[in-house]
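This report concerns only the one structure given below.
In listed order, ligands and their atoms are each counted from 1. Everything numeric here is computed off the predicted structure, so don't read it as measured data. Values below: all heavy atoms of this structure, side chains included; hydrogens, waters and symmetry mates excluded.
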Amino acid sequence: MPVPSERYGELFTDLTEQSTTRSNKRCLYIHVPFCRVRCTFCNFFQNASSRKLVDDYFDALMKEIEIKSQLEWTQSGLFHAVYIGGGTPTDLSPDQVERLGKAIHSSFPLATDCEITLEGRTNRFSDEMFDKALEGGFNRFSFGVQSFDTKSKTKCKTP
Ligand code: SF4
C-alpha cells in the first residue's frame, strides 16, 4: 500500500529492525531516476536527464550510501545481490559508474559471489563506460531493449 512520505523514516527503521533476525539472504537496490528520453510504452520514466540533475542526485546518493552503510542492520549480514536500476543508470558518467561501484564495495558487506548489476541501454554505452564499470566491480549488465524495430522513429528516440 502507498506510504506517506512523512512515514518513510519510521517505516524504514521498523523494517530494518525486524529483518535483522528474519532474513539470511539480502539484496540491495539503488535507483537512478533519469532517462535521456521517454520511451512511449514506458511507465517508469520519472525525470529527463540533465547533467546538473544527475550530478546533484549522484552527490546525494554518495552521502546516502555513506549514512546507510553505518546502520547496524546494514552491517548485520551479507548482501547477495546488488542491482542498480532506473530509469537509465548508464546515464551516469563513466567516472560516476566507477565511483558508485567502488562505494558499494567499500560500504556494504557483500557475499564473495555477489552479483552486482548495472542496468542501462546499449545506446551510448561506450568502451570507456564498460571499462569503468568493470573497474568499479560490476559483474553483470542488464540492457533494456526499447524496440526491436530498427527502422521505427516513434517507439523510442535514441539520439
Ligand atoms: S529508458 Fe527505460 S526507464 Fe527510461 S523511458 Fe525508456 S524504457 Fe522507460
Side-chain angles (χ1 to χ4, degrees), residues 1-9 11-12 15-16 19 23 25-69 74 79-108 110-111 113-159:
M1 81 179 57
V3 177
S5 56
E6 62 271 16
R7 286 210 56 229
Y8 287 173
L11 192 64
F12 181 81
L15 290 172
T16 50
S19 58
S23 61
K25 288 203 166 185
R26 307 187 301 172
C27 301
L28 180 68
Y29 177 80
I30 295 176
H31 194 65
V32 179
F34 303 101
C35 303
R36 254 176 287 134
V37 291
R38 176 180 200 145
C39 302
T40 52
F41 54 79
C42 180
N43 289 326
F44 294 100
F45 178 89
Q46 288 179 294
N47 306 287
S49 304
S50 80
R51 199 68 261 156
K52 173 148 180 32
L53 264 182
V54 173
D55 289 349
D56 288 350
Y57 182 82
F58 187 77
D59 289 345
L61 178 60
M62 288 292 104
K63 286 190 189 122
E64 186 78 10
I65 287 174
E66 190 186 337
I67 292 166
K68 291 293 192 295
S69 72
T74 306
F79 289 95
H80 291 78
V82 180
Y83 194 94
I84 314 300
T88 312
T90 51
D91 277 0
L92 297 173
S93 71
D95 283 339
Q96 287 170 333
V97 165
E98 181 184 5
R99 280 180 60 201
L100 177 57
K102 287 184 171 171
I104 289 166
H105 276 86
S106 63
S107 305
F108 299 109
L110 305 179
D113 61 348
C114 185
E115 188 179 89
I116 306 172
T117 301
L118 181 69
E119 183 186 80
R121 57 167 83 189
T122 51
N123 181 260
R124 293 196 193 164
F125 191 90
S126 61
D127 288 348
E128 184 190 10
M129 178 71 84
F130 188 53
D131 290 342
K132 294 280 189 177
L134 293 178
E135 281 168 34
F138 288 95
N139 56 22
R140 183 172 180 271
F141 297 89
S142 173
F143 292 116
V145 177
Q146 279 76 21
S147 172
F148 286 105
D149 183 349
T150 55
K151 293 181 183 158
S152 170
K153 291 185 178 155
T154 55
K155 289 188 178 162
C156 187
K157 295 174 191 166
T158 51

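- If you run salt bridge (charged side-chain N to carboxylate O under 4.0 Å, His left out) between D91 and each of R121, R124, R36, only R36 comes through.
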(request) Kindly indicate, with the supporting measurements, whether the criterion salt bridge (charged side-chain N to carboxylate O under 4.0 Å, His left out) is fulfilled by K52 and D56. (result) CA-CA 6 Å; K52 173 148 180 32; D56 288 350; 2.7 Å; yes

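- A salt bridge is defined here as a Lys NZ or Arg NE, NH1 or NH2 lying under 4.0 Å from an Asp or Glu carboxylate O, and R99 with D95 fails to meet this definition.
- Ligand 1 is never approached by N43 to a heavy-atom distance shorter than 4.0 Å.
- The shortest distance between side-chain heavy atoms of L134 and F141 falls below 4.5 Å.
- In this structure, H31 and Y29 have tilted ring planes: the angle between them lies in the 30° to 60° band.
- The T88 neighbourhood of ligand 1 comprises atoms 1 (S), 4 (Fe), with distances under 4.0 Å to a heavy atom of that residue.
- In summary, C35 places no N/O/S atom under 2.8 Å from atom 6 (Fe) of ligand 1, failing the contact criterion.
- Set against the non-hydrogen atoms of V37, the atoms of ligand 1 under 4.0 Å away are 5 (S).
- Here is the list of ligand 1 atoms found below 4.0 Å of a heavy atom in C42: 3 (S), 5 (S), 7 (S), 8 (Fe).
- Here R121 has side-chain heavy atoms under 4.0 Å from ligand 1, and that is the only part of it that gets that close.
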